[in-house]
Amino acid sequence: MAVGESVQLAPRDPDPDATYTWRVHSAPVASSLELPEETAVVQFDPDAAGSYVLELDAPDGTHTLTIRVFPGTYLPAGSARSGASGQSGFSGFSGQSGSARPTGVSGGASGSGSGAGEAQRGEGGRPRIRLDASVEDDVVVVRADPQPNPNSDTDRDDLVVEFVVDDRDDVDESAVETDGWELRVPLSAIGDRIGVYAVALDETYSVPDSVVVERDALPDGGAEADALPDSGAEDVATDGGVAEAEVEQTAQSDGAGGHATSVARPNDPPEWAQNVTLYEIYVRGYASDDEESDTTFEALEQRLDYLESLGVDCLWLTPVLQNDHAPHGYNIVDFYSIADDLGSREDYEQFVEAAHDHGMKVLFDLVLNHSAREHPFFKDAYKNPDSDYYDWYEWQDNGEPGTYFDWEYIANFDHRNLDVRRYLLDAVDMWADVVDGFRCDMAWAVPDTFWQEVHDRVKSKDPEFLLLDETIPYIADFHDGMFDMHFDTTLYFTLRQVGRGDEPAERILDAIEQRAEVGFPDHAAFMLYIENHDETRYIVECGESAAMAAAGALFTLHGVPMVYGGQEIGQRGRRDALAWKHARDDIREHYERLIEVRDETPALGYEGTFRRIDFETDTDHAVAFVRDHDDGSYLCLLNFGDDPATVDVGDLAVDATDIVSGDAVAAEGGIHVDDVAICPLA
């Protein structure tokens with residue numbers, strides 16, 4: 001982080017009845033920072049650049065946290081670190097979809113390790129970085145791959161990398177050596193594991209990346225083990241939360257005897273989630289009233305055959321917990337119980353198991369910012385400062401609860417309260433045991449260090465658990481040990497503008513490139529969507545022609561496509577019961593084919609890269625780009641207009657056969673496209 005940023009610090013896995021005290025053990029000479037005594041949750045506002053060593057006295061001993069703080073001149077433009085959110089929510093922010101946050105990116109890294117000198121400053125925004133590790137001759141070698149911001153004029157060779165080592169690990173710091181973009185430490189200097197973090201420095205700092213190396217004694221005391229392949233290797237769960245399936249495991253021998261070592265990248269999205277098609281179900285409107293079922297979950301289960309035939313792989317259900325009877329379910333009155341009108345917990349778990357049997361994962365809609373005002377704790381606390389729950393909530397000077405956008409049915413939790421943290425973390429633990437991931441509501445409004453704790457809790461049990469954030473706009477630093485996948489809100493709004501005819505279609509390429517420009521690393525995953533339960537249906541706002549092209553955008557641009565239930569049948573009502581009897585077969589078949597093509601074409605998936613090309617067309621409604629992969633490259637064309645378009649891609653060698661329709665699409669002057677066409681490059 002940098003001077004001028006603020007972050008909330010709290011004990012992990014807290015005991016609300018215990019006493020916790022933070023103190024500054026050491027700080028830069030220029031700092032006069034002090035922390036409040038006997039306060040469990042504190043706001044850290046560094047007043048000088050350098051390294052701070054903080055100590056936390058807890059029931060299980062004293063814990064150390066080292067925080068590297070850069071000068072304020074390194075602060076990313078427009079930064080508003082999310083750790084301050086959730087404490088002043090009643091002020092509100094303007095935005096769309098019931099969710100918003102001021103534009104801002106921030107960064108930070110904690111741990112211990114080596115420092116680097118001043119970077120060669122350049123023009124442009126945040127650089128990016130990727131870490132990889134290997135074990136070579138009984139030495140852990142961590143190599144950084146920094147990249148300047150696309151808008152920077154800095155040479156890559158001039159980027160500085162600064163490493164830090166996780167404070168929680170048993171590592172002999174005197175044995176850690178750094179040389180430029182490389183960190184080395186002998187295995188003999190490592191206990192069970194070492195976590196290494198790094199940032200790239202230019203005119204500001206990158207989102208940190210991390211890598212974890214673990215060591216486990218071999219059961220036979222040191223017999224040589226075969227190296228596992230880089231892909232398909234076993235996952236490794238750690239107390240720190242390793243989240244990646246790409247694990248290299250080899251046997252090593254040092255003074256402690258034979259060990260198996262494993263390397264993992266916690267910031268990569270789970271392997272299963274990289275190429276899925278997500279599908280949002282608005283639970284109180286998806287199933288038809290005339291379906292023969294005793295509960296909503298049973299009715300949803302009867303739709304699983306349809307969803308499997310459509311080709312979706314992962315289901316996101318809007319909240320299923322007890323609520324104040326608002327049909328969307330986001331005003332929760334009991335974080336531990338399934339809503340009575342949907343069924344029982346047993347019914348819900350049966351639905352999840354049935355989805356698994358159909359090859360689908362299930363996401364739980366997790367709400368951690370607020371409760372309903374009908375929650376019994378809030379009702380007890382309202383206008384009652386003597387209530388045991390009064391300090392659970394934020395309060396305005398007028399006695400009303402803190403909230404956003406003047407929302408009148410919810411009240412913001414105060415995450416500085418350990419009882420609140422314990423209550424929410426226990427709910428996280430309960431539902432994480434049932435589902436495959438969380439879609440995290442209003443992620444921007446919850447302190448980022450709280451999300452980091454949630455991340456580590458769920459990943460320690462299941463490294464392949466998915467964490468998907470809802471932030472508007474998206475926040476690059478939420479890929480720092482918090483979330484695996486992000487709502488691509490920029491692309492969403494751009495697709496709406498293009499569909500309405502307010503912007504040329506080429507603007508969607510700018511939206512894709514903006515991810516790197518604001519500092520997201522290349523390994524970040526994004527959820528692509530054109531509508532959800534908060535939005536007017538795309539087909540209503542933009543028309544049928546644009547809707548067919550926008551569907552093509554979801555399945556050809558780099559990211560994970562999401563379909564909102566009913567989108568694929570031409571549904572026009574946002575939250576109405578789905579009009580299954582009036583489903584548009586032509587639109588459904590369009591989606592089925594797009595899903596099938598994406599599943600069959602590696603270039604369109606997570607590992608495929610995105611490339612701009614030169615093209616000419618006589619309409620602003622059409623755009624062309626290329627997706628590349630070792631298995632082949634493909635020209636993708638989209639046309640949001642009502643009339644067919646012809647796109648000239650110059651000398652690009654194209655097999656003008658559309659793999660979506662199977663038709664030949666060569667035309668005089670270029671390639672013919674009605675709404676979407678995908679052609680192999682020759």
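No hydrogens, no waters, no symmetry mates; every other heavy atom, side chains included, goes into these values.
- Remark: Arg612 engages Asp510 in a salt bridge, criterion side-chain N to carboxylate O under 4.0 Å.
- With sequence neighbours excluded, no residue forms a salt bridge (Lys or Arg N to Asp or Glu O under 4.0 Å) with Glu616.
- At a cut-off of 3.5 Å, with distance as the only test, a side-chain donor of Gln567 or Tyr591 sits close to an acceptor on the other residue.
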**Request:** Take Tyr330 and His533 through the test ring pair (Phe, Tyr, Trp, His ring centres under 6.0 Å) and record every step on the way to the result.
**Result:** CA-CA 12 Å; Tyr330 286 93; His533 63 277; 5.3 Å; yes

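- For Phe615 and Phe625, the distance between ring centers is not under 6.0 angstrom.
- Using a cutoff of 4.0 Å between basic side-chain nitrogens and carboxylate oxygens, Glu349 and Arg345 are scored as salt-bridged.
- Salt bridge present: Arg584 and Glu544 bring a charged side-chain N and a carboxylate O closer than 4.0 Å.
- For Asp631, the CG atom is densely surrounded, since the number of other residues' heavy atoms within 6.0 Å is greater than 12.
- Counted by atom type alone, Tyr382 and Glu400 present one or more donor-acceptor pairs between their side chains at under 3.5 Å.
- Under the 3.5 Å distance criterion, the side-chain polar atoms of Arg593 are matched with a main-chain donor or acceptor of Ile659.
- Not one N or O on the side chain of Trp272 forms a donor-acceptor pair closer than 3.5 Å with the backbone of Leu466.
- Proximity of the aromatic rings of Tyr393 and Phe378 is defined here by a centroid distance below 6.0 angstrom, and this criterion is met.
- Here the rule is side-chain contact (heavy atoms from CB on, under 4.5 Å) with Cys636, and of Val626, Leu604, Val676 only Leu604 fits it.
- The side-chain contact (heavy atoms from CB on, under 4.5 Å) search around Ala666 returns Ala656, not counting sequence neighbours.
- In terms of modelled atom types and a separation under 3.5 Å, the side chain of Thr403 and the main chain of Asp406 share no donor-acceptor contact.
- Taking the six-membered ring for Trp and the full ring otherwise, His370 and Tyr404 have centroids separated by 6.0 Å or more.
- Under the 3.5 Å distance criterion, with hydrogens and angles disregarded, a donor-acceptor pair is assigned to the side chains of Asn369 and Asn412.
- Ring planes of Phe351 and Tyr348: parallel class, angle under 30° (limits at 30 and 60°).
- Aromatic ring centres of His486 and Tyr474: separated by at least 6.0 Å.
- A donor and an acceptor atom, one from each side chain of Ser545 and Asp642, are located under 3.5 Å apart.
- Panel note: side chain Asn323, backbone Leu321; a donor-acceptor pair is recorded below 3.5 Å.
- Partner of Phe438 under the ring-ring contact (aromatic ring centres under 6.0 Å, His included) criterion, chosen from Phe483, Phe465, Trp431: Phe465.
- There is a side-chain donor-acceptor pair under 3.5 Å between Thr490 and Gln514.
- Ring pair Tyr529/Trp316: centre-to-centre distance not below 6.0 Å.
- Of the candidates Tyr279, Trp580, Tyr286, Tyr306 forms a ring-ring contact (aromatic ring centres under 6.0 Å, His included) with just one, namely Trp580.
- Between the side chains of His479 and Asn267, not a single donor N or O lies within less than 3.5 Å of an accepting N or O.
- Contact check on Glu280 versus Arg439 returns no salt bridge, with no Lys/Arg side-chain nitrogen under 4.0 Å from an Asp/Glu carboxylate oxygen.
- In this structure, a donor-acceptor pair under 3.5 Å is present between the side chains of Asp436 and His356.
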**Asked** Can you check ring pair (Phe, Tyr, Trp, His ring centres under 6.0 Å) on His415 and Phe450, steps first, answer last?
**Response** CA-CA 8 Å; His415 291 83; Phe450 191 71; 5.4 Å; yes

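- Of the candidates Phe478, Phe520, Phe487, Phe520 is the only one forming a ring-ring contact (aromatic ring centres under 6.0 Å, His included) with Phe526.
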